[in-house]
Each structure stands twice: as structure tokens, then as C-alpha cells.
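Beneath this line is the structure, given in C-alpha cells, with notes to follow.
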Amino acid sequence: MKIVDIAVKKVYRFNCPNCQSRLEADIQDLEDIGGKVIKFFCPVCRKERYIAWSDLRKKIVYEGEGSQK
């Protein structure tokens, strides 16, 4: 058996509901306020915004993936 990829971190991708900017955040940057809704700070709008958990797309970053681009 051999190791194929080593996961480094898990991030979530989503669009701001107001300005439609594509954002990426760690789970520590998102605040669960209940009712399947999370609160986050949009750096483009510079305001607190709300989005449903179902709108998040999970991305796993693997070792060496950032250096390829």
C-alpha cells in the first residue's frame, strides 16, 4: 500500500449573496447561528453576510497542490 495524497486542510467555497464574489474560508471563519444558516464577513462588501449551509462547497487541499499554480 502507498500514500497517494496527504490532505493538508479543508476549506469551503461559496459566493457572497450580495456581491456574488467567490470566497473561500476555513471552518473557523464561519459562525453557525442555527437554523442551517451561517454568518461570515465578506471582505468585498465589508459587511456581515448570511448564507445557508447547503450553499457551501467543500474543498480538500492536498500537500503540494498550492505550488502547482
Side-chain angles (χ1 to χ4, degrees):
M1 198 183 311
K2 72 177 190 174
I3 298 172
V4 179
D5 288 320
I6 299 174
V8 178
K9 65 179 179 175
K10 182 173 34 173
V11 295
Y12 293 93
R13 289 186 166 180
F14 54 95
N15 292 340
C16 175
N18 189 47
C19 66
Q20 295 301 314
S21 297
R22 291 183 185 180
L23 303 172
E24 188 174 277
D26 290 331
I27 194 66
Q28 296 87 1
D29 300 331
L30 306 173
E31 182 181 344
D32 186 7
I33 61 169
K36 300 181 184 178
V37 176
I38 58 169
K39 179 172 73 169
F40 69 95
F41 179 78
C42 179
V44 179
C45 301
R46 295 187 176 162
K47 290 188 177 183
E48 297 287 329
R49 299 288 182 205
Y50 301 90
I51 196 168
W53 275 106
S54 61
D55 294 332
L56 297 178
R57 294 178 302 280
K58 183 170 42 173
K59 177 186 176 195
I60 298 175
V61 179
Y62 295 101
E63 185 176 84
E65 187 175 289
S67 62
Q68 294 174 354
K69 294 181 180 178

Quick one: do [X] and [Y] end up in the same hydrophobic cluster if we chain Ile, Leu, Val, Met, Phe, Trp and Tyr together by side-chain heavy atoms under 4.5 Å apart?
| X | Y | value |
| --- | --- | --- |
| V61 | I27 | no |
| V11 | L56 | no |
| I60 | V8 | no |

Applying ring-ring contact (aromatic ring centres under 6.0 Å, His included) between F40 and each of Y12, F14, Y50, report the one that passes.
F14
Taking the side chain as every heavy atom from C-beta outward, state whether R46 and F41 have any pair of such atoms under 4.5 Å apart.
yes
Which heavy-atom pair separates V37 from D32 by the least distance, and what is that distance?
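Taking V37 first and D32 second, the nearest heavy atoms are O-OD1, 3.3 Å.
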Could you pull out the closest heavy-atom pair between K9 and D26, with the gap in Å?
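The pair with the smallest heavy-atom distance is CD-OD1, 4.2 Å.
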Any pair counted as side chain to side chain donor-acceptor pair (under 3.5 Å), so long as it reaches residues 14-24, sequence neighbours left out:
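Qualifying pairs, neighbours excluded: R13-E24.
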I need the C19 SG to K47 NZ distance, nearest 0.5 Å.
11.5 Å
Residue list, salt bridge (Lys or Arg N to Asp or Glu O under 4.0 Å) with K39, at least two apart or on another chain
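E31.
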